[in-house]
Protein chains: 2
Amino acid sequence: MSTAAGRRRPATIHDVAREAGVSRGTVSRVLNGGHYVSPAAKAAVDAAIRRTGYVVNRHARSLITGKSDSVAFLLTEPQERFFEDPNFNVLLRGCTQALAAQDIPLLLMIAGTEDERRRNLRYIEAGHVDGVLLVSSHSGDPVVDRLHAAGVPVVACGKPLGQTARIGYVAADDRGGAQDMVRHLHATGRRRIATVTGPLDTPGGVERLAGYRETLAECGLPYDEDLVATGDYSRRGGEAAARLLLDRAPDLDAVFVASDLMALGVLDTLDRAGRRVPEDIAVGGFDDSPAALASRPSLTTLRQPWDRISAEMVRTLLARIAGEDPVTVILPTELVRRDSA
Amino acid sequence: MSTAAGRRRPATIHDVAREAGVSRGTVSRVLNGGHYVSPAAKAAVDAAIRRTGYVVNRHARSLITGKSDSVAFLLTEPQERFFEDPNFNVLLRGCTQALAAQDIPLLLMIAGTEDERRRNLRYIEAGHVDGVLLVSSHSGDPVVDRLHAAGVPVVACGKPLGQTARIGYVAADDRGGAQDMVRHLHATGRRRIATVTGPLDTPGGVERLAGYRETLAECGLPYDEDLVATGDYSRRGGEAAARLLLDRAPDLDAVFVASDLMALGVLDTLDRAGRRVPEDIAVGGFDDSPAALASRPSLTTLRQPWDRISAEMVRTLLARIAGEDPVTVILPTELVRRDSA
DNA sequence: CTGAAAGCGCTTACAG
DNA sequence: CTGAAAGCGCTTACAG
């Protein structure tokens with residue numbers, strides 16, 4: 001086939017038509033589902049396609065259909081955090097592969113700077129992609145509104161906060177996960193259960209705190225503000241929050257931390273304070289990141305179903321592109337028991 | 001502008017021409033560099049573009065130019081390893097951003113399975129991208145030959161081993177980095193310096209070992225096979241290699257490990273064996289991954305210039321697409337001194 | 001410097 | 001079921 005050096009002029013629909021002895025319209029019909037085509041014609045075209053090694057020219061197709069048959073994966077600032085998050089890789093890989101199964105390429109777009117954001121929005125608003133998989137942690141991110149205003153199908157990863165526009169999203173069950181963890185801590189005898197939350201302008205911050213609070217009530221435990229500290233999803237933030245908690249409530253016997261990374265910081269602080277985990281204080285994380293396994297003690301945590309999240313994002317985006325209404329998908333998390341609680 | 005719901009029919013070159021009072025050919029000339037256009041005409045067209053919000057239809061352009069103005073980032077199996085590698089993120093992000101600066105979208109392609117490989121190759125060979133940024137750790141990867149045979153411009157990350165085809169690549173100076181580390185170990189008084197290599201069918205495996213060996217000679221130290229163990233870039237592989245080394249050469253006083261991840265395994269083994277780092281045994285890694293900072297003791301290691309690697313990959317690929325010959329770029333690493341050596 | 005025209009490779013009503 | 005034809009939005013020699 002492709003023996004000679006350099007690129008050969010690729011076969012066109014015209015070559016296939018000549019080879020098969022039919023018109024170009026018939027070839028096109030075979031390419032697009034084979035409706036209104038006789039079995040004989042279809043067979044001839046299929047054979048001709050094989051002989052000529054024909055592959056459709058997507059640019060020509062897109063020019064006339066007005067669709068690009070491609071999808072953007074758009075990461076808005078601050079992307080650094082995501083690029084350090086191993087879960088992000090799982091998400092990106094999952095989306096790429098789910099799209100590839102439908103022969104849809106994924107365009108990776110990073111809107112870290114203002115300039116990049118302008119560029120990417122211009123590209124998307126020009127109709128160069130059929131839809132957008134959006135990863136944005138930014139509450140009230142203007143990108144969401146811009147995309148919505150442009151009429152571009154969008155599916156977000158996680159609930160977009162502070163949005164008026166109704167856009168579809170796929171998220172893990174943050175609240176349910178938090179409930180599972182607090183129930184577990186309670187069931188193993190803990191009664192002074194503290195929490196380190198995520199930033200309260202993120203879904204994970206708000207929802208996991210809500211789940212914590214609800215389960216406390218369910219277990220007949222009082223809600224005590226001294227047991228609640230706000231973190232920023234960083235390891236250092238976890239350290240500081242744990243110091244604050246230890247200071248305000250030295251008698252605490254468990255901490256539910258809204259992310260594994262922060263939980264590592266909590267472990268550091270507890271270690272320095274001479275508190276043993278889990279003997280004195282149980283620690284539960286969230287994410288089931290690789291660090292959860294590597295830490296000492298290994299972390300009891302909640303696994304987010306990133307593989308299912310990516311699959312659902314792609315599925316619902318394609319449905320949206322096909323004209324369906326935006327939907328919300330909430331996927332369950334799974335409690336992973338290790339040594340810390 | 002884009003107020004109403006849904007997508008508006010976007011402006012075409014025709015609209016711009018009418019608005020500016022010139023022909024479509026003139027608009028096109030302005031779009032493509034403004035050569036052979038009078039200042040007055042150019043000004044009129046620029047104004048019309050601004051008024052109409054015109055954005056070029058890339059499909060139409062590509063159809064006629066035969067170029068896609070897009071580039072693939074192709075990851076061949078086993079991709080899992082790369083997706084766990086934080087350096088991979090830096091590389092991917094760097095490539096995306098360097099391309100974005102030229103308004104060239106990056107198509108992310110993962111060829112993990114045979115099916116995915118077929119799909120991606122078909123897409124690329126059909127001429128749907130102008131070039132490929134290739135990340136392949138596989139010695140003798142057939143993808144390289146296929147791409148070369150198809151005449152698609154390619155730039156690889158790291159030296160492609162076992163290839164007859166001459167393709168361009170960008171790599172860190174593995175050998176020089178290894179030399180720096182061994183010199184450092186020697187300069188700090190170590191005389192029984194062992195090494196844990198990477199797999200010997202990878203450039204990092206081969207080159208870092210070569211650098212180790214050369215520097216031993218340079219320092220007047222004998223090359224002793226008992227001091228060389230082969231790893232597989234995994235933490236467990238590092239553990240096992242260290243046990244082997246300790247067994248064969250209990251008097252060793254330093255280990256140069258060809259990756260940080262393996263170095264963590266080495267630290268585990270040394271810890272269990274009761275050897276103190278760095279007092280009894282110095283340990284040097286390679287990569288400067290986040291784990292290098294998090295480990296105890298923190299790891300002395302070699303930083304790979306991933307930001308420069310990505311920039312050079314994009315630069316040389318674009319040059320190659322423009323018709324230049326393939327080139328090789330070797331970028332220096334940097335010794336990062338921390339606590340382990 | 002500029003316009004008119006051809007043509008890139010496809011899809012899709014429109015007749016038959 | 002099938003062919004002929006129009007047209008998607010652009011670029012690029014070709015005349016002027």
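First the proteins, then the strands, lettered A, B, ... as listed; each starts at 1.
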#### Entry: Length of the line joining A:His59:NE2 and C:dC8:C1', which is rounded to integer Å
11 Å

### Query
Do A:Glu114 and A:Arg117 meet the salt-bridge criterion of a basic N to acidic O distance under 4.0 Å?
yes

### Query
Does the pair A:Asp69/A:Arg58 count as a salt bridge with the N-to-O cut at 4.0 Å?
no

### Closest to the A:Val37 side chain, choosing from D:dC8, D:dT11, D:dT2
D:dT2

### Message
Output the rounded distance in Å from CG (B:Asp69) to P (D:dC10).
### Response
14 Å

## Note on the structure
Against the side chain of B:Arg29, the closest entry in D:dT11, D:dA13, D:dC1 is D:dA13

### Task
From the options D:dC10, C:dT2, C:dC10, select the nucleotide whose nearest atom is closest to the side chain of B:Arg24.
D:dC10

#### Entry: Interatomic distance where NE2 belongs to B:His35 and C1' belongs to D:dT12 [whole Å]
14 Å

### B:Arg61 side-chain proximity, nearest of C:dT11, D:dT11, C:dT2
D:dT11

### Query
Where the side chain of B:Ser23 is concerned, which of D:dC1, D:dT11, C:dG3 is the nearest nucleotide?
C:dG3

### Task
Hey, could you give me the OG/CG distance between A:Ser68 and A:Leu107, rounded to the nearest 0.5 Å?
7.0 Å

### Task
Check whether any side-chain N or O of A:Thr65 sits under 4.0 Å from OP1 or OP2 of D:dC8, and answer yes or no.
no

#### Entry: Candidates C:dC8, D:dG7, D:dC10 - which lies nearest the side chain of B:Leu63
C:dC8

### Task
Describe the nucleic acid contact of A:Thr12 in one word from base, sugar-phosphate, nothing, applying a heavy-atom distance below 4.0 Å.
sugar-phosphate

### Query
Can you find a donor-acceptor N/O pair under 3.5 angstrom joining the side chain of B:Arg58 to the base of D:dG9?
no

### Query
NE2 of B:His128 versus C1' of C:dG9: gap in Å, rounded?
12 Å

### Message
Closest-nucleotide mapping onto DNA chain D: is B:Ala60 or A:Gly25 further toward the 5' terminus? I mean the 5' end.
### Response
A:Gly25

#### Entry: Ion pair check, A:Lys42 and A:Asp46, cut-off under 4.0 Å
yes

## Note on the structure
The answer to which of B:Val27 and A:Ile64 contacts DNA chain D further toward the 5' end, by nearest nucleotide, is A:Ile64

### Message
Looking at B:Arg315 and B:Glu312, is there a salt bridge between them, counting it only when a charged N and a carboxylate O are closer than 4.0 Å?
### Response
yes

### Message
Does a side-chain N or O of A:Thr26 approach OP1 or OP2 of D:dT2 to a distance below 4.0 Å, or not?
### Response
no

### Message
Does A:Ser28 reach a base, just sugar-phosphate, or nothing at all? Heavy atoms under 4.0 Å.
### Response
base

#### Entry: Any side-chain donor near an acceptor of the partner, A:Thr52 and A:Asp15, under 3.5 Å
no

### Message
Output the rounded distance in Å from NE2 (A:His14) to C1' (C:dG9).
### Response
11 Å

### Separation between the P atoms of D:dC10 and D:dC14, rounded to whole Å
23 Å

### Message
Of the options D:dT2, C:dC10, C:dC1, whose atoms approach the side-chain atoms of B:Tyr36 most closely?
### Response
C:dC1

### Task
Calculate the interatomic distance between B:Lys42 atom NZ and C:dC1 atom P; express it in whole Å.
13 Å

#### Entry: Watson-Crick or G-U wobble mate for C:dA4, both contacts under 3.5 Å
none

### Gap between atoms CZ and P, on A:Arg18 and D:dT2 respectively (whole Å)
20 Å

### Query
Which value, in whole Å, describes the distance between the C1' atoms of nucleotides D:dT12 and D:dG16?
16 Å

### Query
Atom CG of A:Asn57 to atom P of D:dC8: distance rounded to whole Å?
18 Å

### Phosphate OP1/OP2 of D:dC10: any B:Ser62 side-chain N/O under 4.0 Å
no

